[in-house]
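Before any comments, here is the structure.
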Amino acid sequence: MPNKKIVTKVMVHPTEFVNAQSRYYNDSDIGKRLSGKITTDIADSQHSSFFSGDKEVTTTGTVLNTAGVSIIYIMIKNKANNDVFLSLDGSNYKTKISKNDVFSSELNSVSSANIKVKTSSETSNIEYIVAQ
Amino acid sequence: MSAVARRIQYNTQVLPFINDVALEEETITPSLKYIDSDIKKSYGCSSFIDITANQVNDSWFRVNTKWLTANSNWETLTTLNWDESGEDLTTSGEQLNTSSTALVFAYFKNIGSNTILISLDGSTYNLKLLPKNALYFKASSMPVSGIFAKSASGTSALEYVLGI
């Protein structure tokens with residue numbers, strides 16, 4: 001059994017504004033909080049670039065894990081003001097990570113060379129785990 | 001589908017652990033979990049995003065899938081059982097919503113028994129959801145119709161929210 005594991009918990013609460021009470025309540029369509037928890041076993045031996053607590057992101061797409069391996073887990077936290085955009089195919093940046101937000105997911109064996117981040121302008125700063 | 005205003009609150013906790021601790025004379029598996037010795041910290045966030053009050057159509061969300069599907073399939077339950085009646089994702093990719101409006105926020109949870117794969121373009125399935133696993137993200141430069149899902153094997157069931 002791998003020694004390293006990552007436990008991820010997410011909670012999403014869709015709400016809807018109610019004029020009479022002047023506040024947000026459970027969304028009337030969805031009607032409840034949504035949540036999930038998963039434990040991901042990652043390999044004990046990881047490349048030195050599998051995590052960083054201080055990575056600058058620029059407008060040029062940058063590969064995070066440079067090992068050239070198949071990635072099964074990703075976590076990115078944006079620590080700075082500018083949005084960070086994530087690509088999982090090396091060219092299309094379809095996920096936005098705003099200031100202080102965390103994106104976390106298991107991946108379907110995505111090549112580390114295709115996992116890139118960039119900003120739309122200026123720079124930002126992230127913490128990340130990109131693990132095989 | 002219509003409302004005065006809609007807001008989605010979200011939070012994430014990420015806890016990197018190790019199973020075993022190597023001491024000088026032996027390796028033990030502690031009852032308490034220890035933070036990963038490389039990463040040395042946990043991560044998290046808590047925030048919200050405002051989405052459009054009036055969503056594109058009734059397919060902007062799907063929750064309680066098994067119950068609703070079982071209800072609509074009531075008359076055909078002679079050929080299904082309760083567990084199978086909600087297992088509606090197959091190994092063929094399924095488009096979750098046909099709207100071409102820009103996607104803002106997406107949430108998915110695997111409420112079935114087999115792994116689910118999510119695609120952001122209809123061809124490459126990069127995101128993976130094991131049973132009971134959930135994920136969410138803010139979208140950029142992609143239509144709602146770009147989201148596809150399929151079961152990695154057999155059938156499975158998906159709970160989702162696709163907000164514009």
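This one's a predicted model, so the numbers in the text were calculated from it and none came from an experiment. Here is the naming used below: chain letters follow the sequence lines, and residue numbers restart at 1 for every chain.
Atom CD in A:E16 sits 5.0 Å away from atom CZ in B:R6 (nearest 0.5 Å). Atom CG of residue B:L129 and atom CD1 of residue A:I38 lie 8.5 Å apart, to the nearest 0.5 angstrom. Here the CG atom belonging to A:L88 is positioned 6.5 Å from the CG atom belonging to B:L120, to the nearest 0.5 angstrom. Here the CG atom belonging to A:D29 is positioned 7.5 Å from the CG atom belonging to B:D58, to the nearest 0.5 angstrom. Within the model, atoms NZ of A:K79 and OH of B:Y43 stand 9.0 Å from one another, a figure rounded to the nearest 0.5 Å.
Listed here is the closest heavy atom pair of A:F51 and B:D38: CZ-O, 3.0 Å. A pairwise comparison of heavy atoms in A:S35 and B:K109 identifies O-NZ, 2.8 Å as the closest pair. Smallest separation of non-hydrogen atoms from B:S140 and A:K96: CB-CB, 4.2 Å.
Placement of B:Y125 and B:I147 in two distinct hydrophobic clusters is found when ILVMFWY residues are connected by side-chain heavy-atom separations under 4.5 Å, directly or transitively. Hydrophobic clustering of Ile, Leu, Val, Met, Phe, Trp and Tyr side chains at less than 4.5 Å, counting indirect connections, keeps A:I74 apart from A:V7. Cluster membership for A:V63 and A:I71, using ILVMFWY side-chain heavy atoms within less than 4.5 angstrom, is not shared. Residues A:L64 and A:V69 share a single hydrophobic cluster, defined by chaining ILVMFWY side chains whose heavy atoms lie under 4.5 Å apart. Residues B:I116 and B:F148 fall into different hydrophobic clusters, defined by Ile, Leu, Val, Met, Phe, Trp and Tyr side chains chained together at heavy-atom separations under 4.5 Å.
Contact of B:F48 with chain A is not made at all, since no heavy-atom distance falls under 4.5 Å. In this structure, chain B has a heavy atom under 4.5 Å from the backbone of A:Y93, while its side chain stays farther away. Looking at A:I72, there are no atoms closer than 4.5 Å to chain B (heavy atoms on both sides), in backbone or side chain. With a 4.5 Å cut-off on non-hydrogen atoms, A:K94 touches chain B through its backbone and its side chain both. Of the two parts of B:Y107, only the side chain, counted from C-beta on, holds a non-hydrogen atom closer than 4.5 Å to a non-hydrogen atom of chain A. Only the side chain of B:K41 comes within less than 4.5 Å of a heavy atom of chain A; its backbone N, CA, C and O stay farther away. Only the side chain of B:F61 comes within less than 4.5 Å of a heavy atom of chain A; its backbone N, CA, C and O stay farther away. Only the side chain of A:V110 comes within contact range of chain B, with at least one heavy atom under 4.5 Å from a heavy atom of that chain. Proximity to chain A (any heavy atom under 4.5 Å) is shown, for B:T124, by neither the backbone nor the side chain. Residue A:M75 touches chain B through its side chain alone, counting heavy-atom pairs closer than 4.5 Å. In this structure, the portion of B:D36 lying under 4.5 Å from any heavy atom of chain A is its side chain and not its backbone. Residue A:Y25 does not touch chain B at all, counting heavy-atom pairs closer than 4.5 Å. Contact of B:D121 with chain A is made through backbone and side chain together, with heavy-atom distances under 4.5 Å.
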Original post:
Should A:N108 and B:N126 be marked as a side-chain contact (heavy atoms from CB on, under 4.5 Å) after you check the CA-CA gap, both sets of side-chain angles, and the distance that decides it?
Top reply: CA-CA 5 Å; A:N108 185 30; B:N126 284 329; 5.6 Å; no

Subject >> Trace of the side-chain contact (heavy atoms from CB on, under 4.5 Å) decision for B:E159 with A:L34 >> reply: CA-CA 9 Å; B:E159 186 173 77; A:L34 308 167; 3.7 Å; yes

**OP:** Go through the steps to decide whether B:N11 and A:V102 satisfy the test side-chain contact (heavy atoms from CB on, under 4.5 Å), and finish with yes or no.
**Re:** CA-CA 8 Å; B:N11 66 60; A:V102 170; over 6 Å; no

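Contact of the A:I97 side chain with the B:F137 side chain is not registered, since no non-hydrogen atoms from C-beta on lie closer than 4.5 Å. Using a 4.5 Å cut-off on side-chain heavy atoms (C-beta onward), A:V10 and B:T12 make contact. Proximity of A:T39 to B:F17: side-chain heavy atoms (C-beta onward) are nowhere separated by under 4.5 Å. Looking at B:L127 and A:E106, their side chains never come closer than 4.5 Å, going by heavy atoms from C-beta outward. The closest side-chain heavy-atom distance from A:F103 to B:V14 is not below 4.5 Å.
Between B:R7 and A:D27, no side-chain nitrogen of the basic residue sits less than 4.0 Å from a carboxylate oxygen of the acidic one, so the salt-bridge criterion is not met.
For the options B:G44, B:S37, B:A134, B:C45, heavy-atom pairs under 4.5 Å to chain A are most numerous at B:C45. Of the residues considered (A:T8, A:T15, A:I129), A:T15 shows the highest number of contacts with chain B, using heavy-atom pairs under 4.5 Å. With chain B as partner, the option from A:E127, A:K37, A:K77 having the largest number of non-hydrogen pairs under 4.5 angstrom is A:E127. Contacts with chain A were tallied for B:N133, B:V161, B:L135; B:N133 has the most, counting heavy-atom pairs under 4.5 Å. Heavy-atom pairs under 4.5 Å with chain A peak, among B:I39, B:V4, B:L117, B:L103, at B:I39.
In the model, A:S98 has a side-chain atom that pairs as donor or acceptor with a side-chain atom of B:K138 under 3.5 Å.
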